[in-house]
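No hydrogens, no waters, no symmetry mates; every other heavy atom, side chains included, goes into these values. Every chain is numbered from 1 and lettered A, B, ... according to where its sequence line falls, protein lines coming before strand lines. From a predicted model like this one, the values you see are computed outputs, not experimental measurements.
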There are 2 protein chains.
Amino acid sequence: MSPKVSKQHKEQRRANILEAAKDVFIEHGYEKATMKHILEAANVSRGGLYQYFKNKEDVYEALLEESINESMHHTLDQLDEEVSSYWDLLLTRIFGKGQQPDDEMDPMAPSNLEFFITGRNDQRRREYGKTRYYTGLKIYKSIIEKGQENGEFSKKFDSDILARSIISFIDGLALDYSILPPEDVKLKEQSIMFVDYLKMALGVDQG
Amino acid sequence: MSPKVSKQHKEQRRANILEAAKDVFIEHGYEKATMKHILEAANVSRGGLYQYFKNKEDVYEALLEESINESMHHTLDQLDEEVSSYWDLLLTRIFGKGQQPDDEMDPMAPSNLEFFITGRNDQRRREYGKTRYYTGLKIYKSIIEKGQENGEFSKKFDSDILARSIISFIDGLALDYSILPPEDVKLKEQSIMFVDYLKMALGVDQG
DNA sequence: TTGTAAATCGACATCGATGTCGTTATAATA
DNA sequence: TATTATAACGACATCGATGTCGATTTACAA
């Protein structure tokens with residue numbers, strides 16, 4: 001369908017493969033997914049697939065990059081320009097656009113956890129996970145600190161620990177969501193309770 | 001060393017294998033550990049190992065049973081006899097005997113997460129994880145509810161959601177601990193902050 | 001239209017892990 | 001001591017996943 005290059009088609013092909021791979025990872029998880037699953041889902045041959053990615057890890061990292069670029073930049077951009085309410089910004093960062101806790105969860109969350117947990121003895125993956133963690137941490141810290149300087153947030157709690165707690169909370173929910181059948185996880189209720197906690201910790205009045 | 005049975009020796013052998021297996025799982029994690037690792041660590045032959053366990057999953061479940069029997073019963077026993085302070089009981093359940101948050105974490109925690117996450121598409125494992133979750137949940141709920149009836153705890157929050165939040169908090173910490181190098185996780189500080197939260201939610205004054 | 005670079009293909013060799021099975025060694029019993 | 005049940009052994013067949021490579025096909029340029 002597209003030999004001797006064309007760059008357009010190459011990028012298109014790559015995107016197709018990633019799209020298919022995403023479905024595969026959502027269905028099988030990281031460990032149980034195989035290159036064969038991916039090439040079948042993407043309708044490429046074995047050789048075709050290996051032209052674009054050198055192994056499963058490579059495919060997965062490409063997907064991670066995608067999602068980082070998607071979510072991270074939004075918040076970073078908003079942080080640059082002074083924003084009206086850091087509380088809103090914080091909620092958006094935690095819960096996404098909707099700003100309200102709901103019963104949705106990123107379908108890639110389970111395989112993401114798998115990817116990092118199963119790779120925790122691998123130098124490369126560990127480094128990758130660490131970078132990812134601190135990148136996220138930094139964003140939360142920035143929001144909290146700016147809000148504190150602003151006077152919008154109380155200074156009674158340490159921004160670092162608070163930010164870590166937020167990440168930890170999200171991770172905990174993602175984990176339970178990954179293990180339990182969806183209907184057994186009360187994402188919304190737990191999120192609401194956590195928001196209450198944040199309000200208290202940051203001294204925010206209104207919701 | 002012990003053919004034609006003796007029951008004593010059989011149980012001893014089994015215990016030896018499990019002990020060795022535990023080390024293996026701590027070192028390699030669940031997925032990357034192999035039966036070969038285990039049989040080498042336990043100094044048994046392949047056939048010897050398969051005499052006691054039919055596969056890796058079987059070995060791991062035996063380890064899980066062990067740890068459940070260890071930790072669960074303590075709390076359950078205490079719940080039967082009326083206890084002086086449910087707050088203390090709650091802390092003991094969360095943080096263990098010491099009752100204070102520290103920088104320790106069960107070394108099996110990472111592989112436990114792995115075991116359940118990678119098995120989330122397996123009917124059997126999913127059921128197992130669910131049972132485990134609800135067993136733990138029930139204990140926390142009982143403690144909270146008894147404390148609430150007692151007047152020791154405030155009733156402003158729902159015991160079910162609160163109990164789930166506790167589990168979620170523990171899971172989140174375990175997850176971060178599994179992914180990050182130990183020195184990058186602030187178990188103690190985050191735990192202290194969480195205890196503050198619980199105090200507020202339960203209306204407990206003193207620490 | 002023809003030549004060519006390279007994208008695509010799929011058969012194949014390799015590897016590691018698994019579980020089995022016939023053989024051997026040994027603890028209990030008579 | 002001889003017998004026997006069975007624990008322990010390790011070689012082996014099997015399987016699935018991986019990554020490679022020579023052959024083939026096709027888009028683009030001349």
Side-chain angles (χ1 to χ4, degrees), chain A residues 1-21 23-25 27-63 111 114-115 118-119 121-122 124-125, chain B residues 1-21 23-25 27-63 111 114-115 118-119 121-122 124-125:
Chain A
M1 278 154 181
S2 67
K4 188 165 188 187
V5 81
S6 122
K7 190 168 185 187
Q8 282 268 335
H9 280 204
K10 256 189 109 170
E11 279 167 10
Q12 183 57 45
R13 197 79 149 124
R14 193 186 137 99
N16 285 343
I17 292 174
L18 284 182
E19 197 181 348
D23 293 339
V24 170
F25 286 124
E27 182 179 349
H28 297 280
Y30 181 72
E31 284 293 321
K32 299 234 168 64
T34 70
M35 289 302 256
K36 196 171 176 220
H37 288 144
I38 295 173
L39 66 91
E40 278 166 0
N43 273 312
V44 250
S45 67
R46 185 158 277 276
L49 174 55
Y50 276 91
Q51 182 98 10
Y52 290 90
F53 301 98
K54 70 178 207 286
N55 51 36
K56 189 169 69 167
E57 188 176 10
D58 195 25
V59 178
Y60 205 86
E61 285 182 10
L63 281 174
S111 46
E114 235 193 293
F115 180 76
T118 59
N121 286 330
D122 176 75
R124 182 185 154 65
R125 280 257 265 292
Chain B
M1 275 161 179
S2 67
K4 188 167 187 187
V5 81
S6 118
K7 188 164 185 189
Q8 282 269 334
H9 280 204
K10 255 188 109 170
E11 279 167 8
Q12 184 56 46
R13 196 80 150 122
R14 192 186 136 97
N16 285 343
I17 292 175
L18 283 181
E19 197 180 348
D23 293 339
V24 170
F25 286 124
E27 182 179 349
H28 297 280
Y30 180 72
E31 284 293 321
K32 299 235 169 64
T34 69
M35 289 301 256
K36 194 169 178 222
H37 288 144
I38 295 173
L39 66 91
E40 278 165 2
N43 272 314
V44 250
S45 66
R46 187 161 213 81
L49 173 56
Y50 277 90
Q51 183 98 12
Y52 292 90
F53 302 97
K54 71 177 207 287
N55 51 38
K56 190 171 68 169
E57 188 176 11
D58 195 27
V59 178
Y60 205 85
E61 284 182 11
L63 282 173
S111 46
E114 235 192 295
F115 180 76
T118 59
N121 285 331
D122 177 76
R124 183 184 154 64
R125 278 257 265 294

Between dA27(D) (P) and Lys10(A) (NZ): distance, integer Å: 16 Å

Send over the distance from Met35(B) CE to dT20(C) P, rounded to a whole Å. 10 Å

5'-most contact on DNA chain C: Val44(A) or Lys36(B), nearest heavy atom basis? Val44(A)

Mind calculating the distance between CD1 (Ile38(B)) and C1' (dT18(C)) to the nearest angstrom? 12 Å

Gln51(B) vs Arg13(B), test: side chain to side chain contact (heavy atoms under 4.5 Å, CB included). Steps then yes/no. CA-CA 11 Å; Gln51(B) 183 98 12; Arg13(B) 196 80 150 122; over 6 Å; no

Would one find a side-chain N or O of Ser45(B) under 4.0 angstrom from OP1 or OP2 of dA8(D)? no

Please report, rounded to the nearest Å, how far the C1' atom of dT8(C) is from the CZ atom of Arg14(A). 18 Å

Return the value, rounded to whole Å, for the distance between atom CD of Glu40(A) and atom P of dC9(C). 13 Å

Tyr50(B) OH to dG10(D) P, in whole Å, measures 16 Å

Aromatic plane relationship, Phe25(B) with Tyr30(B) - under 30° parallel, 30 to 60° tilted, over 60° perpendicular: parallel

Rounded to the nearest 0.5 Å, what separation is found between the CZ atom of Arg14(A) and the CG atom of Leu18(A)? 5.5 Å

Please determine whether side chain to side chain contact (heavy atoms under 4.5 Å, CB included) holds for the pair Leu39(B) and Tyr50(B), giving the CA-CA distance in whole Å, both sets of side-chain angles, and the decisive distance to 0.1 Å. CA-CA 9 Å; Leu39(B) 66 91; Tyr50(B) 277 90; 5.9 Å; no

Give the rounded distance in Å between these two atoms: CG of Asn55(A) and P of dC15(C). 18 Å

Looking at Arg46(A), does any N or O in its side chain come under 4.0 Å of the phosphate oxygens OP1/OP2 on dT8(C)? no

Expressed as a whole number of angstroms, how long is the span from Phe53(A):CZ to dA7(C):C1'? 15 Å

Give a yes/no answer on whether the side chain of Gln51(A) brings an N or O atom under 4.0 Å of OP1 or OP2 in dT8(C). no

